[in-house]
Amino acid sequence: MLPINEPVLNYAPQSKERLALENALADCLNTVKNIPMYIGNEPIETEVLGKVVRPDKHETVLAQYHIGTEDEVHLAIRSALNARELWRSLSTDERARIFLKAADLAAGPYRMKLNAATMLGQSKNAYQAEIDAACELVDFFRFNVHFMREMELIQPISGANMLNSMDYRPLEGFVLAITPFNFTAIAGNLPAAPAMLGNVVVWKPSETQLLSASIVMELLIEAGLPAGVINMVIADGPTVSEIALAHPEFSGLHFTGSTKVFKHLWQKIASNIDIYKNFPRIVGETGGKDFVLAHGSANVSEVVTALVRGAFEYQGQKCSAASRAYLPASLWQQIKEQLLSTLAQIKMGEVTDFSNFVNAVIDEKAFDRITAYIDRVKDSNLASIIAGGNYDKSKGYFIEPTVIHAIDPMYETMQEELFGPVLTVYVYSDEYFEDVLSLIDQTSAYALTGCILANDRYAISLANKRLVNAAGNFYINDKPTGAVVGQQPFGGARMSGTNDKSGSMLNLLRWVNTRTVKETFVTPRDYKYPFLG
């Protein structure tokens with residue numbers, strides 16, 4: 001039976017879910033959580049500790065975590081390899097039951113824990129946490145079980161006197177999963193998807209996502225995940241990758257993060273290729289410079305809504321976030337007026353105030369990098385700030401939703417990924433619409449998401465064809481964010497990754513080796529063929 005996407009709760013004032021979430025937030029704030037590593041499902045603690053703080057109130061410590069060394073990385077790999085034979089011997093159905101139970105736990109008793117941890121630790125408002133930590137994580141578990149079962153139904157045809165079959169087995173060795181700070185669901189899916197197929201995994205989560213990552217690990221253990229199948233190690237990233245990628249049993253990398261890091265890891269794998277038992281599978285989703293294209297036939301209110309939601313939900317810290325927009329001169333003044341009016345209504349502040357649409361960026365490093373771009377605009381004659389541009393990190397890492405008007409379509413904020421609440425717009429003459437399509441395609445090295453807003457079907461059709469390589473997820477009359485598992489499988493090409501489409505069977509196929517088995521029922525007994533007569 002095809003799964004149904006987990007319903008999104010609305011958290012309206014006085015609703016049952018709002019009260020439950022507020023209680024979970026209070027519980028989270030009243031306790032400094034202790035986060036160990038999970039190696040062989042055993043909590044591993046060390047004497048070296050790090051802190052998880054609230055990005056929107058950085059003097060508040062939410063958790064302390066135990067930092068591992070080379071020893072813990074080696075231990076995690078041994079634990080995974082020791083678990084491999086027993087785990088792969090389980091049937092597909094037995095493995096599926098674990099992840100279906102995990103889905104029900106995430107949708108039920110763990111839902112508010114996950115949401116509260118994601119809100120406080122990753123600075124997401126209630127809605128952004130709900131669609132991520134609850135709904136998408138549940139969807140990944142349930143839909144991947146469905147895709148796994150469907151995959152095994154794909155079988156070859158058989159000729160006369162024979163039966164052909166295909167079996168699907170896990171990769172030899174272990175998979176390394178490296179996950180980002182911005183999505184709890186991605187952090188859960190990257191180790192879980194290979195594990196579901198019978199692989200064993202070493203999981204390196206982001207330190208700024210550890211609060212929700214630890215809860216994901218706890219629910220997987222409660223769901224019955226056997227010891228050693230997924231080993232969560234907390235250590236310096238280069239240390240983890242150096243050891244894991246130099247191991248002969250390394251069989252695959254499941255990665256979401258920066259393009260620069262992914263390139264480095266790919267180079268490292270290539271340099272170690274002679275030591276591996278197999279050619280490792282490399283699956284990565286990296287950066288984006290995602291576009292909004294409005295045609296002169298577009299509805300102004302729809303364009304503005306797509307810009308505001310696409311660019312500023314979760315402070316633009318989505319790989320899919322709208323960060324460059326191409327707007328027609330005929331609509332520019334209307335769009336500008338409505339955009340500025342809308343932004344003036346938006347509140348920014350702590351996640352515990354549910355009226356705040358915008359919250360803090362993840363940490364000081366991100367804050368400094370993003371604000372450096374804003375400061376350069378203030379000194380440029382090629383671009384100007386028309387909204388926002390202010391920032392403050394005294395209490396939390398807050399940056400106002402900022403809109404830049406670029407005169408030069410190749411200005412740096414039109415080309416480079418900022419990963420923050422900054423949108424750059426370029427206004428084009430309506431008669432040059434086709435030229436703008438070429439401009440969009442050639443401006444950025446990335447090709448993750450993009451959208452067109454138009455009522456002119458010819459314009460939509462032309463953009464759809466001309467921008468076929470510019471975005472792995474293309475949206476018509478919608479913002480370029482919000483891919484849903486099973487509905488819009490997610491991933492991009494070019495420098496945005498390997499486009500292996502999480503949320504679909506295509507991703508799962510990367511984590512199996514296939515074997516064709518032919519059984520002949522009437523076996524030949526003479527070497528001679530008829531043509532020899």
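Excluded from the calculations below are hydrogen atoms, water molecules and symmetry mates; all remaining heavy atoms, backbone and side chain alike, are included.
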Criterion side chain to side chain contact (heavy atoms under 4.5 Å, CB included) on Leu437 and Tyr326, from CA distance to verdict = CA-CA 10 Å; Leu437 297 177; Tyr326 300 82; over 6 Å; no

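- The backbone N or O of Gly497 lies less than 3.5 Å from no partner atom in the side chain of Glu285, so there is not a single donor-acceptor pair.
- Salt-bridge annotation for Glu416 and Lys289: absent, with no side-chain N of the basic residue lying under 4.0 Å from a carboxylate O of the acidic one.
- The aromatic rings of Phe262 and Phe255 sit parallel, their planes meeting at an angle under 30°, below the 60° perpendicular limit.
- The heavy-atom pair separating Ala133 from Leu137 by the smallest distance is O-CB, 3.4 Å.
- Across Asn189 and Ser502, no two heavy atoms sit closer than the pair ND2-CB, 4.2 Å.
- Only one option out of Trp332, Tyr411, Tyr426 pairs with His405 in a ring-ring contact (aromatic ring centres under 6.0 Å, His included); it is Trp332.
- Partner of Met414 under the side-chain contact (heavy atoms from CB on, under 4.5 Å) criterion, chosen from Thr424, Val425, Leu439, Ile404: Thr424.
- For Tyr373, the OH atom is densely surrounded, since the number of other residues' heavy atoms within 6.0 Å is greater than 12.
- A salt bridge does not link Glu59 to Arg54: none of the charged nitrogens lies less than 4.0 Å from a carboxylate oxygen.
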Take Leu49 and Ile67, measure what side chain to side chain contact (heavy atoms under 4.5 Å, CB included) needs, and give me the verdict at the end.
-> CA-CA 6 Å; Leu49 299 176; Ile67 302 173; over 6 Å; no

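- Looking only at distances, a side-chain donor or acceptor of Ser241 sits under 3.5 Å from a matching main-chain atom of Gly237.
- Between Asp353 and Lys347 there is a salt bridge, with a side-chain nitrogen of the basic residue lying less than 4.0 Å from a carboxylate oxygen of the acidic one.
- You'll find the ring centres of Phe398 and Tyr391 outside the 6.0 Å limit.
- Other residues, nucleotides and ligands place no more than 12 heavy atoms under 6.0 Å from the NZ atom of Lys395.
- Side-chain atoms of Lys318 never come within 3.5 Å of backbone atoms of Ser320 as a donor-acceptor pair (strictly under, hydrogens ignored).
- When all heavy atoms of Ala235 and Lys204 are compared, the closest pair comes out as O-CE, 2.8 Å.
- Counting non-hydrogen atoms of neighbouring residues, nucleotides and ligands closer than 6.0 angstrom, the NZ atom of Lys16 reaches no more than 12 such neighbours.
- When only modelled atom types and interatomic distance are considered, Asn182 and Asp132 share no side-chain donor-acceptor pair under 3.5 Å.
- Ion pair Lys113/Glu218 not flagged as a salt bridge, since none of the NZ, NE, NH1 or NH2 atoms sits closer than 4.0 Å to an Asp/Glu carboxylate oxygen.
- At a threshold of 4.0 Å, the pair Arg494-Asp441 counts as salt-bridged, since one of the basic side-chain nitrogens sits closer than that to a carboxylate oxygen.
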Carefully, step by step, assess Phe474 and Leu467 under the rule side chain to side chain contact (heavy atoms under 4.5 Å, CB included).
-> CA-CA 9 Å; Phe474 187 63; Leu467 298 174; 4.2 Å; yes

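- The six-membered or imidazole ring of His254 lies away from that of Trp203, with a centre-to-centre distance of 6.0 Å or more.
- Here the side chain of Asn125 pairs a donor or acceptor atom with the backbone of Phe357 at under 3.5 angstrom.
- Glu6 has a carboxylate O that lies under 4.0 Å from a charged side-chain N of Arg142, or vice versa, which qualifies the two as a salt bridge.
- With hydrogens and angles ignored, the 3.5 Å screen pairs a side-chain donor or acceptor of Thr402 with a backbone N or O of Gly389.
- A donor-acceptor pair is defined here as one N or O able to donate and one able to accept, closer than 3.5 Å; no such pair exists between the side chain of Thr31 and the backbone of Lys33.
- Within 6.0 Å of the CZ atom in Arg309, the count of heavy atoms belonging to other residues, nucleotides or ligands does not exceed 12.
- Classification of the His295-Phe433 ring pair by plane angle, with boundaries at 30° and 60°, yields perpendicular.
- Enclosure of atom CD in Glu45 by more than 12 non-hydrogen atoms of other residues, nucleotides or ligands within 6.0 angstrom is indicated.
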Go through Leu293 and Leu453 one step at a time and tell me if the side chain to side chain contact (heavy atoms under 4.5 Å, CB included) criterion holds.
-> CA-CA 6 Å; Leu293 168 62; Leu453 291 111; over 6 Å; no

